[in-house]
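A short worksheet on the structure shown next.
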Amino acid sequence: MVETSVACAVCGRESRQRQVKGGGPAGPPDLDLRPRDAVRSTMAYWLQACPGCGYVAPRLDRASEAEKAVVWSGPYRALLAETNYPALARRFLCRAMILEETGELHAAAEATLQAAWVADDVRRPDLAREWRLTAVALFRQGPPPDLEQQVRIVDILRRAGDFGGAAAQANALERGALPEPVDRVVAFERRLIAAGDVRAYSVASAIPPPAARPHAASRGPSLFRAEPRPRGGLFAALLRLFRRR
């Protein structure tokens, strides 16, 4: 853990901000790239938040004019004041709003999904579902999602309980030639959709044998940054597991 003094590029206020060096023990993430507990426990340090104006960014000392305008806008100020949301989730949602308003829709989707992970851990399934669906909408509003994003969308929709949408996304994927082991993931998701299962499963669960036990967010709470995609991505995690077999 490293602590530094940072001056906010929006309002000029200096504050002490912490940054985590390293990501904790490695392990297969969930199928939507939700990381393991040890990494999720550092989520409070993935983004910096100004205690003065509420600006949220990976680095507070950098802000474009467009980002500054979003921070002072009415919708952003209203989001900062939304007490129904967990404080940490609100931080990711603030970043998502900045990214969405400045045209970074896929990055906004990632930040919104990360807010859903926080909601999972504090047992707010209502908010987790809402933010997962918002994340999917943002993925689809931006440039056409790549194959990895399309596979993750199946899982995000299933976790949100939108089984019809998840099945339709899986259908679209299966109309093309899916590389191995991605085809196994889609087949695994199909079984979960048919069973009406909304639980969290790790990528290891999709590559039997031997099938790893799923870890389900519903079993209890277990609480790197918004812009970069999670380390390695889904396909990298799948290939690491697949090659060990």
- request: Keeping the roles fixed (side chain from Asp30, backbone from Leu33), state whether a donor-acceptor pair exists under 3.5 Å.
  value: no
Test your reading of the model: is there a side-chain donor-acceptor pair from Ser64 to the backbone of Glu67, 3.5 Å cut-off? yes
Could you walk me through whether Leu157 and Phe163 pass the side-chain contact (heavy atoms from CB on, under 4.5 Å) check?
CA-CA 7 Å; Leu157 289 170; Phe163 299 115; over 6 Å; no
Nearest heavy-atom contact between Leu31 and Ala206 is CD2-CB, 4.3 Å
So CD of Gln19 and OG1 of Thr42: to nearest 0.5 Å the spacing works out to 11.0 Å
Rounded to the nearest 0.5 Å, the CG atom of Leu178 sits from the CG atom of Leu147 at a distance of 6.5 Å
Checklist entry - Tell me, do Gln150 and Phe139 make a side-chain contact under 4.5 Å, heavy atoms counted? => result no
Taking the side chain as every heavy atom from C-beta outward, state whether Pro29 and Arg36 have any atom pair closer than 4.5 Å. no
| task | Determine whether Val151 and Val182 make a side-chain contact, defined as any pair of heavy atoms from C-beta on separated by less than 4.5 Å. | result | yes
| task | Check whether Val70 and Leu138 end up in the same hydrophobic cluster, where Ile, Leu, Val, Met, Phe, Trp and Tyr are linked by side-chain heavy atoms less than 4.5 Å apart. | result | no
Minimal heavy-atom distance between Thr112 and Ala135, with the atoms involved, is CG2-N, 4.0 Å
Exercise. Is it true that Glu82 and Arg77 have a side-chain N and a carboxylate O under 4.0 angstrom from each other?
Worked result: no
Do side-chain atoms of His106 reach the backbone of Pro143 as a donor and acceptor pair under 3.5 angstrom? yes
The complete set of salt bridge (Lys or Arg N to Asp or Glu O under 4.0 Å) pairs with one or both residues in residues 1-17, sequence neighbours excluded, reads Glu3-Arg16, Glu3-Arg18
Taken in chain and number order and not counting sequence neighbours, the residues that satisfy side-chain hydrogen bond (donor to acceptor under 3.5 Å, both in side chains) with Arg59 are Asp61
Are Tyr85 and Leu79 close enough that some pair of their side-chain heavy atoms sits under 4.5 Å apart? yes
message: Checking Thr102 against Glu100: is there a side-chain donor and acceptor pair closer than 3.5 Å?
response: no
CZ (Arg159) and CD1 (Ile156) are apart, to the nearest 0.5 Å, by 10.0 Å
*If only atom types and distance count, is the side chain of Arg158 paired as donor or acceptor with the main-chain N or O of Arg199 below 3.5 Å?*
yes
Just do the side-chain contact (heavy atoms from CB on, under 4.5 Å) check on Leu173 and Val154 with the steps written out, would you? CA-CA 9 Å; Leu173 282 165; Val154 176; 3.7 Å; yes
Closest non-hydrogen contact found for Leu99 with Ala111 is CD1-CB, 4.4 Å
Thinking salt bridges, do Glu104 and Arg95 make one under a 4.0 Å N-O criterion? no
Nearest heavy-atom contact between Trp46 and Pro35 is CH2-CG, 4.1 Å
Task: Worked check of side-chain contact (heavy atoms from CB on, under 4.5 Å) between Arg90 and Val56 - done: CA-CA 10 Å; Arg90 191 166 59 240; Val56 174; over 6 Å; no
In terms of heavy-atom contacts, Val186 and Glu174 come closest through CG1-OE2, 3.5 Å
CG (Leu60) and CD (Gln17) are apart, to the nearest 0.5 Å, by 5.0 Å
*asked:* Under a 4.0 Å threshold between the charged nitrogen and the carboxylate oxygen, would Arg132 count as salt-bridged to Asp32?
replied: yes
Tell me, with the steps shown, if Gln114 and Phe92 meet side-chain contact (heavy atoms from CB on, under 4.5 Å).
CA-CA 7 Å; Gln114 288 160 358; Phe92 286 102; 3.5 Å; yes
| Under a 4.5 Å side-chain heavy-atom rule over Ile, Leu, Val, Met, Phe, Trp and Tyr, are Leu127 and Val118 clustered together? | yes
Please confirm whether the backbone N or O of Asp146 pairs with a side-chain atom of Gln149, one donor and one acceptor, at under 3.5 Å?
yes
With the side chain counted from C-beta on, respond yes when Glu180 and Asp183 share a heavy-atom pair under 4.5 Å apart, and no when they do not. yes
Mind checking whether Ser15 and Cys50 have side chains closer than 4.5 Å, heavy atoms only? no
Q. Is the backbone of Tyr201 close enough, under 3.5 Å, to the side chain of Ser205 for a donor and an acceptor to pair up by distance?
A. no
I want to know whether Trp72 and Tyr55 have ring centres closer than 6.0 Å.
no
Here the pair of heavy atoms bringing Val122 nearest to Pro86 is CG2-CG, 3.8 Å
Practice item. May I ask you to say whether Asp155 pairs ionically with Arg152, meaning some side-chain N is under 4.0 Å from a carboxylate O? Key: no
- prompt: Do the side chains of Phe188 and Ile207 get nearer than 4.5 Å, heavy atoms only?
  reply: no
Rounded to the nearest 0.5 Å, the CG atom of Leu80 sits from the SG atom of Cys94 at a distance of 4.0 Å
message: With a 4.5 Å cut-off on side-chain heavy-atom distances among I, L, V, M, F, W and Y, is there a chain of contacts connecting Leu93 to Leu133?
response: yes
Separation between CG (Asp121) and CG (Asp37), nearest 0.5 Å, reads 7.0 Å
| Salt bridge present between Asp120 and Arg129 (N-O < 4.0 angstrom) | no
* To do: Side-chain contact test, heavy atoms from C-beta onward, threshold under 4.5 Å: evaluate it for Cys8 versus Gln48 and give yes or no.
  => no
